[in-house]
2 protein chains.
Amino acid sequence: MAGTRQTFENLPEEKQDRVLTEATREFADHGYQDASINRIVDRLGIAKGSVFKYFGNKAGLFEHIFSRAVADFKGPLKAIRDTDGDFFSRIEQSFLASGAFIDAHPLIYRIYLKMLFNENFPLRERFLGEIRRAHAKYLGALVDDAVASGELRPGLDREMTVFLLHTMLDRFLQNHAVPSQDAGIDPAPRTLAERARAMTEFLRHGLGA
Amino acid sequence: MAGTRQTFENLPEEKQDRVLTEATREFADHGYQDASINRIVDRLGIAKGSVFKYFGNKAGLFEHIFSRAVADFKGPLKAIRDTDGDFFSRIEQSFLASGAFIDAHPLIYRIYLKMLFNENFPLRERFLGEIRRAHAKYLGALVDDAVASGELRPGLDREMTVFLLHTMLDRFLQNHAVPSQDAGIDPAPRTLAERARAMTEFLRHGLGA
DNA sequence: AGTAAGGGTGACCAGGTGGTCACCATGTCT
DNA sequence: AGACATGGTGACCACCTGGTCACCCTTACT
(Lines give C-alpha, C1' and ligand atoms only; values in the text may rest on other atoms or scores of the structure.)
Protein backbone atom coordinates (compact mmCIF):
# COMPACT_ATOMS: atom_id res chain seq x y z
CA MET A 1 0.00 0.00 0.00
CA ALA A 2 1.28 3.46 -0.85
CA GLY A 3 -1.01 6.14 0.41
CA THR A 4 -0.23 7.00 3.99
CA ARG A 5 1.36 9.99 5.70
CA GLN A 6 4.19 7.55 6.41
CA THR A 7 5.10 7.60 2.75
CA PHE A 8 6.04 11.23 3.03
CA GLU A 9 8.07 10.75 6.16
CA ASN A 10 10.08 7.98 4.51
CA LEU A 11 11.28 10.42 1.90
CA PRO A 12 14.80 11.88 2.00
CA GLU A 13 14.71 14.90 4.28
CA GLU A 14 15.92 17.14 1.52
CA LYS A 15 12.90 16.31 -0.60
CA GLN A 16 10.50 16.67 2.30
CA ASP A 17 11.88 20.15 2.88
CA ARG A 18 11.54 21.18 -0.74
CA VAL A 19 7.92 20.04 -0.83
CA LEU A 20 6.99 21.76 2.42
CA THR A 21 8.78 24.97 1.54
CA GLU A 22 7.07 25.28 -1.80
CA ALA A 23 3.66 24.42 -0.38
CA THR A 24 4.09 26.89 2.46
CA ARG A 25 4.96 29.61 0.00
CA GLU A 26 1.84 28.85 -2.01
CA PHE A 27 -0.40 29.11 1.06
CA ALA A 28 1.36 32.28 2.18
CA ASP A 29 0.86 33.88 -1.21
CA HIS A 30 -2.73 32.81 -1.84
CA GLY A 31 -4.39 31.73 1.37
CA TYR A 32 -6.08 28.36 1.51
CA GLN A 33 -8.79 28.29 -1.14
CA ASP A 34 -6.78 30.08 -3.80
CA ALA A 35 -3.67 28.01 -3.22
CA SER A 36 -3.26 25.69 -6.20
CA ILE A 37 -1.84 22.22 -5.95
CA ASN A 38 -1.18 22.33 -9.68
CA ARG A 39 1.13 25.31 -9.19
CA ILE A 40 2.92 23.63 -6.32
CA VAL A 41 3.69 20.46 -8.23
CA ASP A 42 4.66 22.44 -11.33
CA ARG A 43 7.23 24.37 -9.35
CA LEU A 44 8.48 21.21 -7.71
CA GLY A 45 8.58 19.26 -10.95
CA ILE A 46 6.74 16.29 -9.48
CA ALA A 47 3.40 14.70 -10.33
CA LYS A 48 0.19 15.85 -8.72
CA GLY A 49 -0.64 12.34 -7.62
CA SER A 50 2.37 12.32 -5.32
CA VAL A 51 1.03 15.11 -3.16
CA PHE A 52 -2.23 13.25 -2.68
CA LYS A 53 -0.32 10.10 -1.84
CA TYR A 54 1.59 12.01 0.83
CA PHE A 55 -1.20 14.01 2.44
CA GLY A 56 -4.51 12.56 1.25
CA ASN A 57 -5.96 15.88 0.19
CA LYS A 58 -5.40 19.62 0.20
CA ALA A 59 -6.59 20.05 3.78
CA GLY A 60 -4.19 17.32 4.90
CA LEU A 61 -1.29 19.17 3.34
CA PHE A 62 -2.27 22.40 5.04
CA GLU A 63 -2.76 20.76 8.40
CA HIS A 64 0.62 19.11 8.19
CA ILE A 65 2.30 22.43 7.55
CA PHE A 66 0.47 24.55 10.04
CA SER A 67 0.31 22.16 12.95
CA ARG A 68 4.09 21.95 12.91
CA ALA A 69 4.24 25.73 12.81
CA VAL A 70 1.92 26.13 15.78
CA ALA A 71 4.17 23.90 17.82
CA ASP A 72 7.15 26.07 16.91
CA PHE A 73 5.17 29.21 17.72
CA LYS A 74 5.09 28.37 21.36
CA GLY A 75 8.81 27.93 21.69
CA PRO A 76 10.25 31.43 21.93
CA LEU A 77 7.75 32.53 24.55
CA LYS A 78 8.60 29.83 27.04
CA ALA A 79 12.24 30.88 27.10
CA ILE A 80 11.28 34.30 28.41
CA ARG A 81 8.73 33.18 30.93
CA ASP A 82 11.48 31.54 32.93
CA THR A 83 13.66 34.65 32.78
CA ASP A 84 14.32 36.98 35.68
CA GLY A 85 14.05 40.74 35.44
CA ASP A 86 11.33 43.30 35.91
CA PHE A 87 8.00 43.14 34.13
CA PHE A 88 8.64 45.71 31.45
CA SER A 89 12.01 44.39 30.42
CA ARG A 90 10.47 40.95 30.07
CA ILE A 91 7.80 42.46 27.85
CA GLU A 92 10.46 44.11 25.77
CA GLN A 93 12.19 40.75 25.50
CA SER A 94 8.94 39.29 24.25
CA PHE A 95 8.71 41.87 21.51
CA LEU A 96 12.20 41.03 20.39
CA ALA A 97 11.86 37.27 20.60
CA SER A 98 8.60 37.26 18.67
CA GLY A 99 10.07 39.56 16.07
CA ALA A 100 12.99 37.20 15.66
CA PHE A 101 10.64 34.25 15.27
CA ILE A 102 8.81 36.04 12.50
CA ASP A 103 12.02 36.94 10.75
CA ALA A 104 12.86 33.25 10.83
CA HIS A 105 9.43 32.09 9.61
CA PRO A 106 7.99 34.88 7.51
CA LEU A 107 5.82 32.63 5.36
CA ILE A 108 4.16 30.99 8.32
CA TYR A 109 3.34 34.34 9.81
CA ARG A 110 1.80 35.50 6.55
CA ILE A 111 -0.43 32.43 6.61
CA TYR A 112 -1.40 33.21 10.16
CA LEU A 113 -2.36 36.77 9.25
CA LYS A 114 -4.49 35.56 6.36
CA MET A 115 -6.18 33.02 8.58
CA LEU A 116 -7.04 35.65 11.16
CA PHE A 117 -9.95 37.13 9.25
CA ASN A 118 -10.57 34.48 6.65
CA GLU A 119 -12.96 31.82 7.81
CA ASN A 120 -12.33 29.01 5.39
CA PHE A 121 -9.06 27.54 6.56
CA PRO A 122 -9.17 23.94 7.69
CA LEU A 123 -8.97 23.60 11.46
CA ARG A 124 -8.90 27.38 11.75
CA GLU A 125 -10.67 27.49 15.11
CA ARG A 126 -8.38 24.90 16.60
CA PHE A 127 -5.19 26.55 15.41
CA LEU A 128 -6.17 30.07 16.37
CA GLY A 129 -7.46 28.84 19.69
CA GLU A 130 -4.18 27.12 20.47
CA ILE A 131 -2.19 30.22 19.63
CA ARG A 132 -4.48 32.49 21.61
CA ARG A 133 -4.45 30.23 24.63
CA ALA A 134 -0.67 30.00 24.57
CA HIS A 135 -0.40 33.75 24.41
CA ALA A 136 -3.02 34.33 27.08
CA LYS A 137 -1.36 31.89 29.42
CA TYR A 138 2.06 33.37 28.88
CA LEU A 139 0.98 36.98 29.24
CA GLY A 140 -1.29 36.13 32.14
CA ALA A 141 1.65 34.67 34.03
CA LEU A 142 3.71 37.78 33.41
CA VAL A 143 0.89 39.99 34.64
CA ASP A 144 0.37 37.92 37.77
CA ASP A 145 4.04 38.22 38.61
CA ALA A 146 3.92 41.95 38.07
CA VAL A 147 0.83 42.39 40.20
CA ALA A 148 2.47 40.43 43.00
CA SER A 149 5.59 42.58 42.89
CA GLY A 150 3.62 45.81 42.62
CA GLU A 151 5.01 46.77 39.23
CA LEU A 152 1.60 47.48 37.76
CA ARG A 153 -0.81 50.26 38.55
CA PRO A 154 -3.16 49.17 41.28
CA GLY A 155 -6.74 48.59 40.24
CA LEU A 156 -5.89 47.25 36.80
CA ASP A 157 -8.20 44.54 35.57
CA ARG A 158 -6.22 41.38 34.82
CA GLU A 159 -8.15 40.40 31.71
CA MET A 160 -8.01 43.89 30.33
CA THR A 161 -4.29 44.10 30.94
CA VAL A 162 -3.67 40.83 29.17
CA PHE A 163 -5.79 42.02 26.29
CA LEU A 164 -3.84 45.26 26.03
CA LEU A 165 -0.50 43.51 26.11
CA HIS A 166 -1.68 41.10 23.49
CA THR A 167 -2.85 43.98 21.35
CA MET A 168 0.47 45.74 21.48
CA LEU A 169 2.43 42.58 20.81
CA ASP A 170 0.21 41.66 17.90
CA ARG A 171 0.39 45.05 16.32
CA PHE A 172 4.11 45.33 16.84
CA LEU A 173 4.52 42.07 14.93
CA GLN A 174 2.11 42.99 12.18
CA ASN A 175 3.95 46.21 11.65
CA HIS A 176 7.24 44.39 11.68
CA ALA A 177 6.08 41.84 9.12
CA VAL A 178 3.97 44.06 6.88
CA PRO A 179 4.98 47.71 7.22
CA SER A 180 2.14 49.75 5.79
CA GLN A 181 4.02 51.35 2.97
CA ASP A 182 3.18 54.96 2.36
CA ALA A 183 0.91 56.70 4.80
CA GLY A 184 2.34 58.50 7.78
CA ILE A 185 0.97 55.97 10.20
CA ASP A 186 4.06 53.89 10.69
CA PRO A 187 6.30 54.70 13.61
CA ALA A 188 9.53 56.50 12.99
CA PRO A 189 12.04 54.31 14.85
CA ARG A 190 13.86 52.17 12.35
CA THR A 191 15.23 49.13 14.07
CA LEU A 192 13.36 46.34 15.75
CA ALA A 193 15.08 47.15 19.03
CA GLU A 194 14.15 50.83 18.90
CA ARG A 195 10.56 50.06 18.21
CA ALA A 196 10.42 47.47 20.98
CA ARG A 197 11.80 50.05 23.36
CA ALA A 198 9.29 52.69 22.30
CA MET A 199 6.36 50.29 22.65
CA THR A 200 7.54 49.27 26.09
CA GLU A 201 7.86 52.84 27.27
CA PHE A 202 4.36 53.50 26.10
CA LEU A 203 3.07 50.48 27.94
CA ARG A 204 4.71 51.73 31.09
CA HIS A 205 3.66 55.35 31.11
CA GLY A 206 0.92 55.85 28.56
CA LEU A 207 0.58 59.09 26.66
CA GLY A 208 -0.79 61.47 29.28
CA ALA A 209 1.21 64.39 30.72
CA MET B 1 -26.55 50.38 -26.04
CA ALA B 2 -27.03 48.61 -22.74
CA GLY B 3 -23.78 47.99 -21.00
CA THR B 4 -22.80 51.01 -18.97
CA ARG B 5 -22.67 51.70 -15.27
CA GLN B 6 -25.54 54.07 -16.04
CA THR B 7 -27.77 51.09 -16.62
CA PHE B 8 -27.47 50.15 -12.99
CA GLU B 9 -28.11 53.65 -11.73
CA ASN B 10 -31.30 53.85 -13.77
CA LEU B 11 -32.72 50.92 -11.87
CA PRO B 12 -35.32 51.38 -9.14
CA GLU B 13 -33.47 52.14 -5.92
CA GLU B 14 -35.00 49.15 -4.22
CA LYS B 15 -33.47 46.80 -6.78
CA GLN B 16 -30.10 48.54 -6.64
CA ASP B 17 -30.10 48.04 -2.90
CA ARG B 18 -30.96 44.37 -3.12
CA VAL B 19 -28.16 43.75 -5.60
CA LEU B 20 -25.55 45.66 -3.61
CA THR B 21 -26.56 44.10 -0.32
CA GLU B 22 -26.34 40.58 -1.66
CA ALA B 23 -23.03 41.22 -3.41
CA THR B 24 -21.58 42.85 -0.31
CA ARG B 25 -22.56 39.87 1.76
CA GLU B 26 -20.86 37.54 -0.72
CA PHE B 27 -17.61 39.50 -0.58
CA ALA B 28 -17.80 39.71 3.21
CA ASP B 29 -18.27 35.96 3.46
CA HIS B 30 -15.70 34.86 0.91
CA GLY B 31 -13.25 37.65 0.15
CA TYR B 32 -12.68 38.65 -3.43
CA GLN B 33 -11.41 35.62 -5.31
CA ASP B 34 -13.73 33.12 -3.65
CA ALA B 35 -16.78 35.31 -4.04
CA SER B 36 -18.99 33.73 -6.70
CA ILE B 37 -21.11 35.74 -9.07
CA ASN B 38 -23.14 32.62 -9.71
CA ARG B 39 -24.12 32.48 -6.05
CA ILE B 40 -24.99 36.16 -6.01
CA VAL B 41 -27.32 35.95 -8.98
CA ASP B 42 -28.85 32.72 -7.70
CA ARG B 43 -29.76 34.39 -4.43
CA LEU B 44 -31.09 37.43 -6.24
CA GLY B 45 -33.02 35.38 -8.77
CA ILE B 46 -31.64 37.35 -11.72
CA ALA B 47 -29.53 36.34 -14.70
CA LYS B 48 -25.74 36.41 -14.57
CA GLY B 49 -25.57 38.57 -17.67
CA SER B 50 -27.29 41.39 -15.82
CA VAL B 51 -24.46 41.81 -13.34
CA PHE B 52 -21.96 42.08 -16.16
CA LYS B 53 -24.19 44.60 -17.90
CA TYR B 54 -24.24 46.69 -14.74
CA PHE B 55 -20.60 46.55 -13.69
CA GLY B 56 -18.59 45.19 -16.62
CA ASN B 57 -16.83 42.54 -14.60
CA LYS B 58 -16.25 41.21 -11.11
CA ALA B 59 -13.66 43.85 -10.26
CA GLY B 60 -16.07 46.57 -11.35
CA LEU B 61 -18.70 45.25 -8.97
CA PHE B 62 -16.26 45.17 -6.10
CA GLU B 63 -14.95 48.64 -6.81
CA HIS B 64 -18.44 50.04 -6.93
CA ILE B 65 -19.22 48.60 -3.52
CA PHE B 66 -16.03 49.43 -1.75
CA SER B 67 -15.40 52.89 -3.12
CA ARG B 68 -18.76 53.98 -1.75
CA ALA B 69 -17.86 52.42 1.56
CA VAL B 70 -14.53 54.21 1.78
CA ALA B 71 -16.30 57.52 1.32
CA ASP B 72 -18.66 56.67 4.16
CA PHE B 73 -15.74 55.54 6.33
CA LYS B 74 -14.41 59.05 6.55
CA GLY B 75 -17.64 60.57 7.75
CA PRO B 76 -17.83 59.78 11.45
CA LEU B 77 -14.28 60.94 12.12
CA LYS B 78 -14.78 64.43 10.79
CA ALA B 79 -17.60 65.08 13.17
CA ILE B 80 -15.31 64.57 16.14
CA ARG B 81 -12.38 66.52 14.81
CA ASP B 82 -14.43 69.70 15.05
CA THR B 83 -15.50 68.92 18.60
CA ASP B 84 -14.22 70.70 21.69
CA GLY B 85 -13.06 68.89 24.78
CA ASP B 86 -9.77 67.52 26.04
CA PHE B 87 -7.65 65.10 24.06
CA PHE B 88 -8.57 61.91 25.83
CA SER B 89 -12.29 62.48 25.77
CA ARG B 90 -12.05 63.12 22.05
CA ILE B 91 -10.20 59.84 21.68
CA GLU B 92 -12.89 58.10 23.64
CA GLN B 93 -15.46 59.69 21.34
CA SER B 94 -13.54 58.28 18.40
CA PHE B 95 -13.73 54.78 19.81
CA LEU B 96 -17.46 55.12 20.20
CA ALA B 97 -18.12 56.72 16.83
CA SER B 98 -16.07 54.13 14.97
CA GLY B 99 -17.76 51.36 16.88
CA ALA B 100 -21.13 52.74 15.87
CA PHE B 101 -20.06 52.92 12.25
CA ILE B 102 -19.07 49.28 12.32
CA ASP B 103 -22.33 48.28 13.92
CA ALA B 104 -24.07 50.06 11.08
CA HIS B 105 -21.90 48.50 8.34
CA PRO B 106 -20.69 45.17 9.62
CA LEU B 107 -20.31 43.57 6.20
CA ILE B 108 -18.13 46.36 4.89
CA TYR B 109 -15.87 46.10 7.89
CA ARG B 110 -15.53 42.36 7.38
CA ILE B 111 -14.41 43.01 3.82
CA TYR B 112 -11.91 45.55 5.08
CA LEU B 113 -10.45 43.06 7.53
CA LYS B 114 -10.09 40.44 4.82
CA MET B 115 -8.43 42.94 2.53
CA LEU B 116 -5.90 43.88 5.17
CA PHE B 117 -3.74 40.80 4.76
CA ASN B 118 -4.98 39.42 1.49
CA GLU B 119 -3.19 40.87 -1.49
CA ASN B 120 -5.51 40.07 -4.35
CA PHE B 121 -8.29 42.57 -3.96
CA PRO B 122 -8.74 44.98 -6.86
CA LEU B 123 -7.48 48.47 -6.04
CA ARG B 124 -6.37 47.23 -2.65
CA GLU B 125 -3.45 49.64 -2.35
CA ARG B 126 -5.57 52.61 -3.27
CA PHE B 127 -8.36 51.76 -0.85
CA LEU B 128 -6.13 50.91 2.07
CA GLY B 129 -4.01 53.97 1.39
CA GLU B 130 -7.06 56.23 1.43
CA ILE B 131 -8.26 54.80 4.72
CA ARG B 132 -4.83 54.99 6.31
CA ARG B 133 -4.28 58.54 5.18
CA ALA B 134 -7.65 59.63 6.48
CA HIS B 135 -6.89 58.05 9.84
CA ALA B 136 -3.37 59.44 9.99
CA LYS B 137 -4.56 62.93 9.16
CA TYR B 138 -7.33 62.79 11.70
CA LEU B 139 -5.23 61.36 14.52
CA GLY B 140 -2.32 63.61 13.65
CA ALA B 141 -4.54 66.66 14.08
CA LEU B 142 -5.71 65.43 17.46
CA VAL B 143 -2.15 64.84 18.57
CA ASP B 144 -1.01 68.26 17.39
CA ASP B 145 -3.77 69.90 19.40
CA ALA B 146 -2.85 67.89 22.45
CA VAL B 147 0.83 68.73 22.14
CA ALA B 148 -0.01 72.41 21.86
CA SER B 149 -2.17 72.32 24.98
CA GLY B 150 0.34 70.23 26.89
CA GLU B 151 -1.97 67.29 27.41
CA LEU B 152 0.61 64.77 26.24
CA ARG B 153 3.81 63.66 27.88
CA PRO B 154 6.67 65.84 26.72
CA GLY B 155 9.19 64.18 24.45
CA LEU B 156 6.68 61.93 22.70
CA ASP B 157 7.42 61.29 19.07
CA ARG B 158 4.51 62.47 16.93
CA GLU B 159 4.66 59.59 14.44
CA MET B 160 4.96 57.03 17.16
CA THR B 161 2.03 58.51 19.03
CA VAL B 162 -0.15 58.46 15.94
CA PHE B 163 0.87 54.87 15.34
CA LEU B 164 -0.03 53.89 18.88
CA LEU B 165 -3.40 55.60 18.74
CA HIS B 166 -4.11 53.94 15.44
CA THR B 167 -3.14 50.59 16.90
CA MET B 168 -5.50 50.93 19.82
CA LEU B 169 -8.36 52.16 17.68
CA ASP B 170 -7.86 49.36 15.17
CA ARG B 171 -7.70 46.67 17.80
CA PHE B 172 -10.64 48.07 19.69
CA LEU B 173 -12.68 47.81 16.51
CA GLN B 174 -11.45 44.37 15.59
CA ASN B 175 -12.38 43.10 18.98
CA HIS B 176 -15.74 44.79 18.73
CA ALA B 177 -16.47 43.26 15.34
CA VAL B 178 -14.93 39.81 15.82
CA PRO B 179 -14.66 38.93 19.49
CA SER B 180 -12.21 36.08 19.75
CA GLN B 181 -14.54 33.47 21.13
CA ASP B 182 -13.07 31.27 23.78
CA ALA B 183 -9.62 32.11 25.03
CA GLY B 184 -9.16 34.39 28.00
CA ILE B 185 -7.71 37.12 25.89
CA ASP B 186 -10.76 39.27 25.46
CA PRO B 187 -11.28 42.10 27.84
CA ALA B 188 -13.83 41.72 30.57
CA PRO B 189 -15.88 44.93 30.23
CA ARG B 190 -19.08 44.10 28.42
CA THR B 191 -20.41 47.22 26.79
CA LEU B 192 -18.88 49.28 24.04
CA ALA B 193 -18.82 52.28 26.33
CA GLU B 194 -17.04 50.45 29.13
CA ARG B 195 -14.40 49.16 26.80
CA ALA B 196 -13.87 52.57 25.24
CA ARG B 197 -13.40 54.00 28.71
CA ALA B 198 -10.89 51.33 29.71
CA MET B 199 -8.89 51.77 26.52
CA THR B 200 -8.78 55.50 27.04
CA GLU B 201 -7.59 55.19 30.61
CA PHE B 202 -4.83 52.93 29.43
CA LEU B 203 -3.79 55.39 26.77
CA ARG B 204 -3.60 58.10 29.40
CA HIS B 205 -1.67 56.36 32.13
CA GLY B 206 -0.18 53.19 30.74
CA LEU B 207 0.24 50.14 32.91
CA GLY B 208 3.14 51.13 35.15
CA ALA B 209 2.80 51.71 38.87
C1' DA C 1 -48.18 50.07 -37.17
C1' DG C 2 -43.36 50.43 -37.16
C1' DT C 3 -39.12 51.04 -35.01
C1' DA C 4 -35.64 52.02 -31.93
C1' DA C 5 -33.66 51.52 -27.29
C1' DG C 6 -32.77 49.54 -23.04
C1' DG C 7 -33.21 46.02 -19.49
C1' DG C 8 -33.03 41.09 -18.98
C1' DT C 9 -31.78 36.34 -20.12
C1' DG C 10 -29.29 31.81 -19.87
C1' DA C 11 -26.96 28.44 -22.84
C1' DC C 12 -22.42 28.36 -23.87
C1' DC C 13 -17.21 28.82 -23.67
C1' DA C 14 -12.33 28.24 -22.29
C1' DG C 15 -9.81 27.48 -18.45
C1' DG C 16 -8.75 26.10 -13.84
C1' DT C 17 -9.77 23.15 -9.59
C1' DG C 18 -9.26 19.12 -6.32
C1' DG C 19 -9.07 14.50 -6.71
C1' DT C 20 -8.59 9.51 -8.86
C1' DC C 21 -6.46 5.50 -10.53
C1' DA C 22 -4.49 2.24 -13.64
C1' DC C 23 -0.06 1.87 -14.64
C1' DC C 24 5.17 2.14 -14.39
C1' DA C 25 10.03 1.75 -12.21
C1' DT C 26 12.99 0.11 -8.85
C1' DG C 27 14.70 -2.56 -5.38
C1' DT C 28 14.49 -6.48 -2.15
C1' DC C 29 13.27 -10.48 -0.71
C1' DT C 30 12.57 -15.83 -1.57
C1' DA D 1 13.17 -15.65 -12.13
C1' DG D 2 9.27 -14.45 -9.90
C1' DA D 3 6.61 -11.94 -6.38
C1' DC D 4 5.81 -8.17 -3.65
C1' DA D 5 6.07 -3.56 -1.82
C1' DT D 6 6.92 1.15 -2.43
C1' DG D 7 7.28 5.63 -4.63
C1' DG D 8 6.04 8.08 -8.73
C1' DT D 9 3.21 9.38 -12.72
C1' DG D 10 -0.11 12.11 -15.65
C1' DA D 11 -4.26 11.50 -18.40
C1' DC D 12 -8.65 11.86 -16.97
C1' DC D 13 -13.03 13.28 -14.37
C1' DA D 14 -16.83 16.13 -12.59
C1' DC D 15 -17.39 20.53 -11.21
C1' DC D 16 -17.07 25.41 -10.88
C1' DT D 17 -15.40 29.92 -12.43
C1' DG D 18 -15.69 34.64 -14.86
C1' DG D 19 -17.25 36.21 -18.98
C1' DT D 20 -19.90 36.44 -23.71
C1' DC D 21 -23.60 37.21 -26.79
C1' DA D 22 -27.47 36.39 -29.69
C1' DC D 23 -31.85 36.78 -28.55
C1' DC D 24 -36.31 38.23 -26.09
C1' DC D 25 -39.67 41.58 -23.90
C1' DT D 26 -41.52 45.92 -22.86
C1' DT D 27 -41.96 50.67 -23.31
C1' DA D 28 -41.92 55.07 -25.83
C1' DC D 29 -41.81 57.75 -29.71
C1' DT D 30 -42.93 58.73 -34.48
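Side chains included, hydrogens not; waters and symmetry mates left out as well; all remaining heavy atoms used. By convention in this document, chain letters (A, B, ...) are assigned in the order of the sequence lines, proteins followed by strands, and residues within each chain are numbered from 1.
- A heavy atom lying under 4.0 Å from DNA chain C marks the following residues of residues 11-20 of chain B, by number: Leu11(B), Lys15(B).
- By the 6.0 Å and 45° rule, Lys58(B) stacks over the aromatic ring of Tyr32(B).
- Ala177(A) is linked by a side chain to side chain contact (heavy atoms under 4.5 Å, CB included) to Ile102(A), Tyr109(A), counting only residues two or more places apart in sequence or in another chain.
- For dT6(D), neither phosphate oxygen OP1 nor OP2 lies less than 4.0 angstrom from any side-chain nitrogen or oxygen of Asn10(A).
- Looking at residues two or more places apart in sequence or on another chain, you find a salt bridge (Lys or Arg N to Asp or Glu O under 4.0 Å) between Asp145(B) and Arg90(B).
- Side-chain nitrogen and oxygen atoms of Thr7(A) include at least one within less than 4.0 Å of the OP1 or OP2 phosphate oxygen of dG7(D).
- The distance from atom CZ of Phe8(A) to atom C1' of dT6(D) is 16 Å, rounded to the nearest whole Å.
- Under the rule for a side chain to side chain contact (heavy atoms under 4.5 Å, CB included), the partners of Thr167(B) that lie at least two apart in sequence or sit in another chain are Thr167(A), Met168(A), Arg171(A), Phe163(B).
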Show me, pair by pair, the donor-acceptor contacts under 3.5 angstrom made by side chains of residues 35-45 of chain B, not counting sequence neighbours?
from: Ser36(B); atom 1: OG; to: Asn38(B); atom 2: N; distance (Å): 3.2
from: Ser36(B); atom 1: OG; to: Arg39(B); atom 2: N; distance (Å): 3.1
from: Asn38(B); atom 1: OD1; to: Lys48(B); atom 2: NZ; distance (Å): 3.0
from: Arg39(B); atom 1: NE; to: Glu26(B); atom 2: OE2; distance (Å): 2.8
from: Arg39(B); atom 1: NH2; to: Glu26(B); atom 2: OE2; distance (Å): 2.7
from: Arg39(B); atom 1: NH2; to: Asp34(B); atom 2: O; distance (Å): 2.9
from: Arg43(B); atom 1: NE; to: Glu22(B); atom 2: OE2; distance (Å): 2.8
from: Arg43(B); atom 1: NH1; to: Glu26(B); atom 2: OE1; distance (Å): 3.3
from: Arg43(B); atom 1: NH2; to: Glu22(B); atom 2: O; distance (Å): 3.4
from: Arg43(B); atom 1: NH2; to: Glu26(B); atom 2: OE1; distance (Å): 3.1

Notebook entry, point to check: Quick one: what's the B/S/- string for nucleotides 14-26 of chain C, heavy-atom cutoff under 4.0 Å, read 5' to 3'?
Noted result: ---SBBBBB----
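- Atom CG of Leu44(B) is separated from atom C1' of dG10(C) by 16 Å (rounded to the nearest Å).
- Under the side-chain hydrogen bond (donor to acceptor under 3.5 Å, both in side chains) criterion, the residue pairs touching residues 96-107 of chain B are Asp103(B)-His176(B), with sequence neighbours excluded.
- Remark: Leu11(B) engages Phe8(B), Lys15(B), Gln16(B), Tyr54(B) in a side chain to side chain contact (heavy atoms under 4.5 Å, CB included) (not counting sequence neighbours).
- One interatomic measurement links the two molecules: CG of Asp42(B) to P of dA11(C), which rounds to 12 Å at whole-angstrom precision.
- In terms of the side chain to side chain contact (heavy atoms under 4.5 Å, CB included) criterion, residue partners of Phe117(A) (sequence neighbours excluded) are, by chain and number, Leu113(B), Phe117(B), Gln174(B).
- For dG7(C), neither phosphate oxygen OP1 nor OP2 lies less than 4.0 angstrom from any side-chain nitrogen or oxygen of Tyr54(B).
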